[in-house]
Amino acid sequence: MDLSSLDTSKVTSMKAMFDYCTSLSTLDMRNAEFPDIDGYYNMFGSVSSNINIIAKDSIARDFIQTRITTCPSTGTITIAN
C-alpha cells in the first residue's frame with residue numbers, strides 16, 4: 001500500500017490503524033513522521049508476519065519497530081533511499 005504521501009504532521013492517534021489488514025504485504029510510509037503520536041495501541045494488530053514497511057529514517061523505523069513487535073507480526077522495516 002503506497003502511503004508515501006501520507007501527511008502525519010497533525011496526527012495524534014494511530015490506534016488500530018492497520019489492525020486486521022491481514023493481506024497487507026508492503027506499506028510505504030517513507031514520508032510519515034510520528035512526533036505527536038500518543039495513541040498507537042494495536043497499530044499493526046494482525047498484519048501479515050512478513051510485512052515489508054518502508055520508513056523515512058531511523059527515528060520512524062524505530063517507532064514502527066516498537067509498535068510492530070508488540071503485535072503478533074514481526075515484518076521487515078527498511079529506510080527509504
Side-chain angles (χ1 to χ4, degrees):
M1 177 181 293
D2 185 357
L3 297 177
S4 59
S5 61
L6 180 68
D7 179 3
T8 57
S9 61
K10 296 183 182 184
V11 175
T12 58
S13 178
M14 291 187 165
K15 180 179 177 184
M17 186 172 184
F18 303 105
D19 196 12
Y20 292 103
C21 292
T22 57
S23 297
L24 191 60
S25 60
T26 302
L27 186 58
D28 187 342
M29 299 181 75
R30 71 181 68 220
N31 290 316
E33 297 179 5
F34 308 96
D36 298 318
I37 306 296
D38 59 8
Y40 46 79
Y41 176 76
N42 226 18
M43 184 174 172
F44 294 100
S46 301
V47 297
S48 172
S49 62
N50 61 351
I51 190 169
N52 179 36
I53 301 173
I54 303 168
K56 178 178 185 168
D57 53 27
S58 61
I59 295 168
R61 181 200 58 210
D62 293 348
F63 175 88
I64 294 167
Q65 185 69 51
T66 302
R67 276 64 194 179
I68 203 166
T69 55
T70 61
C71 300
S73 305
T74 51
T76 303
I77 303 164
T78 56
I79 297 174
N81 295 329

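- Counting only residues at least two apart or in different chains, side-chain hydrogen bond (donor to acceptor under 3.5 Å, both in side chains) contacts with residues 7-16 comprise Asp7-Ser9.
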Counting only pairs under 3.5 Å, give me each side-chain donor-acceptor contact of residues 20-27, with atom names and distances, residues two or more places apart or in other chains.
none

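- Rounding to the nearest 0.5 Å gives a distance of 9.0 Å between CZ of Arg67 and CD1 of Ile37.
- By the side chain to side chain contact (heavy atoms under 4.5 Å, CB included) test, Ala16 is found to be paired with Asp19, residues two or more places apart in sequence or in another chain being considered.
- In this structure, the separation between CD1 on Ile68 and OH on Tyr40 is 15.0 Å, given to the nearest 0.5 Å.
- Side-chain heavy atoms closer than 4.5 Å link hydrophobic residues (I, L, V, M, F, W, Y) into clusters, and following such links, possibly through other members, connects Ile64 to Val47.
- Hydrophobic clustering (side-chain heavy atoms under 4.5 Å, transitive across Ile, Leu, Val, Met, Phe, Trp, Tyr) keeps Val11 apart from Tyr41.
- Annotation for Phe34: atom CZ counts as buried by contact number, over 12 foreign heavy atoms lying within 6.0 Å.
- Here the straight-line distance linking atom CD1 of Ile77 with atom CE of Met29 works out to 10.0 Å at 0.5 Å rounding.
- Between the CG atom of Leu6 and the CZ atom of Arg30 there is a distance of 13.0 Å, given to the nearest 0.5 Å.
- Residues Ile51 and Phe18 form no side-chain contact, since every pair of their non-hydrogen atoms from C-beta on lies 4.5 Å or further apart.
- Not a single side chain to side chain donor-acceptor pair (under 3.5 Å) links Asn31 to another residue, sequence neighbours left out.
- Sorted by first then second residue, the side-chain hydrogen bond (donor to acceptor under 3.5 Å, both in side chains) pairs that include residues 52-64, not counting sequence neighbours, are Glu33-Lys56.
- To the nearest 0.5 Å, atoms OG1 (Thr76) and CD (Gln65) are separated by 9.0 Å.
- Nearest heavy-atom pair across Ala32 and Ala60 is O-CB, 4.1 Å.
- Sparse packing is recorded around CD1 of Ile59, with 12 or fewer heavy atoms of other residues, nucleotides or ligands lying under 6.0 Å away.
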